Amino acid sequence: MRRYLTKHVKRPSLARAFSSSEGLPASADVVVIGGGSIGASTLYHLSEMGVDAVLLEKDQMTAGTTWHSAGLLWRLRPSDIDIQLIRHTRDLAKRLEAETGVSTGWVENGGLFIAANNERLSEYQRLATLGKYFDIPAHVLSPAETKDLYPLMNVSDLKGTLYSPGDGTIDPSSWVAALTKGAKLHGGRVFEHTPVADILTESAGKDTQQVIGVQVAGGHVIRTRRVVNAAGVWSNYVAKMVKKDIPLCAMHHAYVVTERIEGIQSMPNVRDHDASVYLKLQGDVLQVGGYEQNPIFWDKVENEFAFSLFDLDWDVFSTHIAGAVNRVPIIEATGVRSTVCGPESFTPDHKALLGELPGVRGFFLGCGFNSAGIMLAGGCGQQLAQWVAHGRPSLDMFSYDIHRFHPSMLGHERWNRERSHEAYAKNYSIVFPHDEPLAGRNVRLTPFHARLKAANCVFQTRHGFERPGYFAASSQGDVAVNPYTYYGNYGHLPHADDPYLRAIEGDNTFQWPASHSTVGEEAAACRTAVALFDQSYFGKFILSGPDAPAAIEWICTNKMKGPGTTVYTLMCNAAGGTECDLTVSQLDATTFYITAGGASATHDWAWISSHLAKFPNTTLVDRTEDFGVLSVQGPKSRELLSQLTTADLSDAALPFSSHAEVTIGGHTVRVLRLTFVGELGYELHVPTAACEAVYDLVWAAGKALGARNAGYLAMDALSVEKGYKHWHEDLRSDDTPVEAGMLFTCKLEKEFSGKGVIVAQKAAGVTKKLICLTPDEHIPLKGNEAIWRNGAVVGFVRRCAYGHTVGRSVGYGYIVHPDGGVVTPKFVKDGTYEIETLNERRVPATLHTKCVFDPTNARVQGQYA
């Protein structure tokens with residue numbers, strides 16, 4: 001590729017005609033900071049909803065990252081939420097021109113995904129089967145068919161491609177211009193050349209601020225209680241105005257534009273993930289870009305950087321040239337018309353940051369889009385506007401919500417940089433269900449970590465914690481993740497024979513993972529003897545005070561049963577969607593011990609806290625770090641624990657869903673008789689300082705009983721057999737208890753949040769319903785497989801695992817009526833079901849109206865034949 005370089009100059013703002021820097025208001029319902037794609041989209045959707053909103057841009061609209069974005073839109077994603085967000089962007093881009101008279105530059109030339117190996121082709125087939133539920137046409141093409149579609153392409157090294165004809169591109173500047181005009185038509189206001197100098201707050205209680213205004217340069221204050229930080233790579237500047245950090249890094253991101261290529265016109269855009277390169281059609285030229293292994297961080301973000309670019313570092317970027325030339329050989333003889341290297345913001349998990357920032361009420365994030373800001377802006381802007389205006393989005397946006405991170409991680413610079421670096425480098429990697437990050441590890445350790453590491457634990461990382469995935473055989477060597485820094489400037493790549501890397505790569509497949517038999521052994525130990533699970537990363541909160549009983553009854557769908565009892569309950573939003581599923585143990589008349597899932601703990605804390613303003617005489621305290629949780633599960637669990645305590649653990653003294661304090665080895669331990677695997681079992685909530693001592697006692701006593709350490713892969717397998725739900729998987733904020741078959745957790749004789757919707761659904765029926773299917777063939781399920789009923793696609797697999805006890809894969813997914821009607825029990829039972837796997841093969845599947853293992857719950861009650 002010949003390098004003919006041209007210098008970029010500042011570009012004028014296409015939105016100037018629609019905005020003014022004069023007449024700043026004294027107040028507004030919402031102030032949006034940042035005039036890029038997401039800021040403009042959020043303003044548009046707020047204004048469309050009738051919200052009094054203004055947007056402040058320090059320079060001109062699109063000045064930061066948006067103006068130089070590639071603007072690619074790919075409809076197929078490994079997440080149903082992503083698909084819906086992108087669908088809204090696409091639909092909005094197509095209709096805005098009629099609404100505003102301003103073109104968005106939408107070009108529907110299709111997308112082509114390149115597969116140079118079988119696993120990559122499997123990934124694409126998985127995307128295609130999920131796309132069928134959302135009516136996205138996509139076809140797997142052979143190399144010869146690919147050559148017919150794209151004659152300039154080299155297909156000699158391909159296994160196949162995935163063609164999505166409805167993909168395309170949006171012109172970023174035109175897109176923002178159309179959004180801006182649309183917002184103004186609905187009453188929104190835009191002020192360019194209006195830098196924000198400060199965000200004013202006032203105290204709203206312990207460790208909490210409330211936004212009360214935005215001060216611009218020159219001193220003018222706009223009074224508001226809601227601000228959206230959509231400042232792109234400058235979002236950390238804005239966050240620091242409220243004395244907070246957010247996990248976002250600025251990096252150099254580049255593409256080059258070729259000279260004219262004859263015959264390239266009307267070709268689809270190309271993503272060659274294995275070469276980490278994309279080829280975007282732009283008239284009769286190609287934009288060539290990608291994601292290199294050693295990206296350049298922009299450590300000192302300049303506040304005045306606007307419509308500006310960095311010099312392209314060819315030593316870094318050249319990694320993409322070989323891949324591009326291999327895929328479209330004519331590029332080698334084609335010159336470079338221009339280069340574009342600008343700032344982009346990246347996050348630790350390659351997902352944007354949305355939602356209200358913990359500790360600052362009214363301060364919302366809309367940033368960190370990982371170079372997908374155009375593609376996601378329409379859908380994310382819509383959801384963020386609903387979040388700001390109504391308190392919650394209409395879709396389940398937890399994977400974007402800032403609450404997916406523990407507060408301690410928000411300002412953890414090493415973790416943020418390492419994980420963001422890795423996420424950037426792996427952007428085009430295959431998305432395997434069991435993949436684990438290598439960077440940013442060993443940041444939060446449970447009190448049992450040293451004992452589990454010594455037992456050859458293969459750890460997973462969740463919410464910053466290291467939690468057990470499974471326990472490898474000693475012959476595999478030390479497979480515990482070492483505290484390496486793996487990527488680029490922060491250390492070294494692991495050696496190819498690194499035991500932890502080998503273990504993770506062995507599970508990175510769409511077939512049976514390498515850990516399959518080991519996980520089966522752990523599951524068998526739990527079903528036949530006893531297994532130990534470290535659940536310490538779970539959130540542990542205490543709600544107390546005179547108003548605590550009223551608060552807990554309002555927030556929870558289930559009813560408390562008095563001191564000494566433990567209740568499994570949901571918490572629902574006003575639309576009836578499930579925000580939390582957790583347990584509440586009542587300690588005394590006004591004190592409640594709440595145990596929340598580890599990955600959702602920060603979200604659950606925020607959800608509970610958001611209701612307490614109505615109950616002023618309450619106190620919520622986070623005790624997560626004060627206790628470890630060792631779960632002892634299986635038919636012999638009572639026999640094991642009875643050797644360690646004089647306390648009565650009989651059914652009469654400690655029945656299921658109860659708790660008590662006992663003494664083990666001189667340490668006071670709270671025992672909750674609960675299970676998430678469907679066996680007689682107990683959770684030991686142990687003071688942190690005593691965890692290792694208690695573990696040693698339990699392990700020593702358990703050896704003769706066949707005790708085994710077990711991890712979350714086994715727990716997932718065991719729980720899916722029992723039909724126990726995972727929040728954010730088969731139970732989300734857009735799923736109601738009626739739809740999920742969880743009405744048993746709702747006591748309709750009392751008042752609670754969301755009750756009205758749930759009562760109405762119970763009476764009228766639902767338009768979607770969670771069902772359980774097992775494929776009739778011995779195949780693995782990985783999630784997102786299309787569900788067919790009587791020859792029509794009616795849903796997709798949301799959650800799945802292999803049930804080692806029942807000897808088959810088990811999948812859960814919501815189905816809808818093809819005609820949009822009510823999904824009745826008769827409709828569910830009368831169907832003939834199939835699950836679509838890879839290669840568009842449909843496997844007959846059996847419907848289960850009850851869980852596939854121990855549907856009477858006899859084992860949970862300790863009743864073994």
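One-based numbering along the sequence shown. On a predicted model such as this, the values are computed, not experimentally measured, just so you know.
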- Message: Can you confirm whether or not the ring centre of Tyr537 sits under 6.0 Å from the ring centre of Tyr712?
- Response: yes

- Ser41 (side chain) donor-acceptor with Ser37 (main chain) under 3.5 angstrom: no

- Query: In Å and rounded to the nearest 0.5 Å, what is the CG to CG distance from Leu384 to Leu354?
  - Reply: 5.5 Å

- Shortest non-hydrogen contact from Tyr814 toward Ala740: OH-CB, 3.4 Å

- Query: Taking it one step at a time, do His726 and Phe676 satisfy ring pair (Phe, Tyr, Trp, His ring centres under 6.0 Å)?
  - Reply: CA-CA 10 Å; His726 275 186; Phe676 195 61; 5.3 Å; yes

- Task: Begin with the C-alpha distance, continue with both residues' side-chain angles, and end with the deciding distance and a verdict on side-chain contact (heavy atoms from CB on, under 4.5 Å) for Tyr568 and Tyr724.
- Result: CA-CA 11 Å; Tyr568 171 66; Tyr724 293 153; over 6 Å; no

- Of all heavy-atom pairs linking Ser631 and Gln535, the shortest is CB-OE1, 2.8 Å

- Task: Calculate, to the nearest 0.5 Å, the distance between atoms NE2 and OG belonging to His685 and Ser536 respectively.
- Result: 9.0 Å

- Carboxylate-amine/guanidinium contact Glu579 Arg392, below 4.0 Å: yes

- Query: Does NZ or CZ of Arg467 lie under 6.0 Å from the centre of the six-membered ring of Phe459, at an angle within 45° of the ring axis?
  - Reply: no

- Given Thr201, which of Lys243, Gln209, Gln210 fulfils the side chain to side chain donor-acceptor pair (under 3.5 Å) condition? Gln209

- Query: Does Glu739 pair with Lys769 as a salt bridge, N-O distance under 4.0 Å?
  - Reply: no

- Any side-chain heavy-atom pair from Lys559 and Glu553 closer than 4.5 angstrom? yes

- Carboxylate-amine/guanidinium proximity below 4.0 Å for Glu625 and Arg444: yes

- Task: Determine yes or no for a side-chain-to-main-chain donor-acceptor pair under 3.5 angstrom, with Thr591 supplying the side chain and Asp588 the backbone.
- Result: no

- Message: Quick one, Tyr682 and Leu674 - any side-chain contact, counting heavy atoms below 4.5 Å?
- Response: no

- Keeping the roles fixed (side chain from Glu751, backbone from Trp554), state whether a donor-acceptor pair exists under 3.5 Å. no

- Query: Any ion pair linking Lys351 and Asp349 (charged N to carboxylate O, less than 4.0 Å)?
  - Reply: no

- Item | Check: Val211 and Ile199 side chains under 4.5 Å, non-hydrogen atoms | yes

- Message: In terms of relative ring orientation, are His603 and Trp607 parallel, tilted or perpendicular, with 30° and 60° separating the classes?
- Response: parallel

- Atom of Glu418, atom of Ala439 and distance for their closest heavy-atom approach: O-CB, 3.5 Å

- Task: Taking the six-membered ring for Trp and the single ring otherwise, decide whether the centroids of Tyr400 and Trp387 are under 6.0 Å apart.
- Result: no

- Around Lys614, counting heavy atoms of other residues, nucleotides and ligands shown, do more than 12 lie under 6.0 Å from its NZ? yes

- Determine whether the side chains of Thr688 and Arg623 contain a donor N or O and an acceptor N or O closer than 3.5 Å. no

- In terms of side-chain geometry, is the basic nitrogen of Glu729 or Arg798 positioned less than 4.0 Å from the acidic oxygen of its partner? no

- Gln761 and Thr736 side chains, donor-acceptor separation under 3.5 Å: yes

- Would you please test Leu570 and Met742 for side-chain contact (heavy atoms from CB on, under 4.5 Å) and show each step? CA-CA 9 Å; Leu570 307 182; Met742 300 288 286; 3.9 Å; yes

- Item | Thr566 and Ser585 side chains, donor-acceptor separation under 3.5 Å | yes

- Query: Looking at Leu543, Thr583, Ile542, which hits side-chain contact (heavy atoms from CB on, under 4.5 Å) with Ile594?
  - Reply: Leu543

- So Tyr593 and His659, ring pair (Phe, Tyr, Trp, His ring centres under 6.0 Å) or not? Walk me through it. CA-CA 11 Å; Tyr593 180 59; His659 64 92; 8.1 Å; no

- Under-4.0 Å salt bridge between Lys755 and Glu749: no

- Using a 4.5 Å cut-off on heavy atoms from C-beta on, say whether the side chain of Leu743 contacts that of Lys762. yes

- In sequence, state the C-alpha distance, the side-chain angles, and the governing distance for Val686 and Phe627, and then conclude on side-chain contact (heavy atoms from CB on, under 4.5 Å). CA-CA 5 Å; Val686 187; Phe627 299 98; over 6 Å; no

- Query: How many angstroms lie between atom CG of Asp82 and atom CD of Gln84, to the nearest 0.5 angstrom?
  - Reply: 9.5 Å

- Item | Backbone of Leu248 reached by a side-chain donor or acceptor of Asn236 within 3.5 Å | yes

- Query: Between Thr42 and Ile38, is there a donor-acceptor pair closer than 3.5 Å when you use the side chain of the first and the backbone of the second?
  - Reply: yes

- Message: Quick check against the 3.5 Å criterion: does His406 have a side-chain atom that pairs as donor or acceptor with the backbone of Met409?
- Response: no

- Query: Is it the case that Asp734 and Ser394 place a side-chain donor and acceptor less than 3.5 Å from each other?
  - Reply: no

- Would you tell me whether Asp547 and Thr618 have side-chain atoms, one donor and one acceptor, within less than 3.5 Å of each other? no

- Message: Distance check, rounded to the nearest 0.5 Å: Asn558 atom CG versus Ile552 atom CD1?
- Response: 11.0 Å

- Query: Closest approach of Ala589 and Pro549, non-hydrogen atoms and distance?
  - Reply: O-CG, 3.4 Å

- Message: Using 0.5 Å steps for rounding, measure from the CD atom of Gln460 to the CZ atom of Arg462.
- Response: 4.5 Å

- Using modelled atom types only, decide if a donor and an acceptor are shared between the side chain of Ser420 and the backbone of Arg417 within a distance under 3.5 Å. no

- SB check Asp80 Arg732 (cutoff 4.0 Å): yes

- Would you call the rings of Phe398 and His728 parallel, tilted or perpendicular, where under 30° means parallel and over 60° means perpendicular? perpendicular

- Angle class for the His45/His88 ring planes (parallel below 30°, perpendicular above 60°, tilted otherwise)? tilted

- Between the side chain of Ser345 and the main-chain N/O of Cys249, is any donor-acceptor distance below 3.5 Å? no

- Query: Once you round to the nearest 0.5 Å, how far does CG of Leu684 lie from CG of Leu532?
  - Reply: 9.0 Å

- Quick one: does Leu410's side chain get under 4.5 Å of Lys244's, heavy atoms only? no

- Query: Please walk me through it: do Lys540 and Val629 pass side-chain contact (heavy atoms from CB on, under 4.5 Å)?
  - Reply: CA-CA 10 Å; Lys540 309 163 201 78; Val629 178; 3.4 Å; yes

- Message: Can you see whether His611 engages Ser753 through a side-chain donor-acceptor pair at a distance of less than 3.5 angstrom?
- Response: no

- Message: Under 3.5 Å, is there a donor on one side chain and an acceptor on the other for Gln633 and Thr675?
- Response: yes

- Message: Can you confirm if the NZ or CZ of Lys725 lies within 45° of the ring axis of Tyr812 and under 6.0 Å from the centre of its six-membered ring?
- Response: yes

- Could you tell me whether a side-chain N or O of Trp727 sits under 3.5 Å from a main-chain N or O of Thr578, the two making a donor and an acceptor? yes

- Item | Shortest non-hydrogen separation from Asp52 to Ala28 and the atoms involved | OD2-CA, 3.4 Å

- Do the charged groups of Asp735 and Lys768 touch, with an N to O distance under 4.0 Å? yes

- Task: For residues Cys556 and Val584, report the shortest heavy-atom separation together with the two atoms involved.
- Result: SG-CG2, 4.2 Å

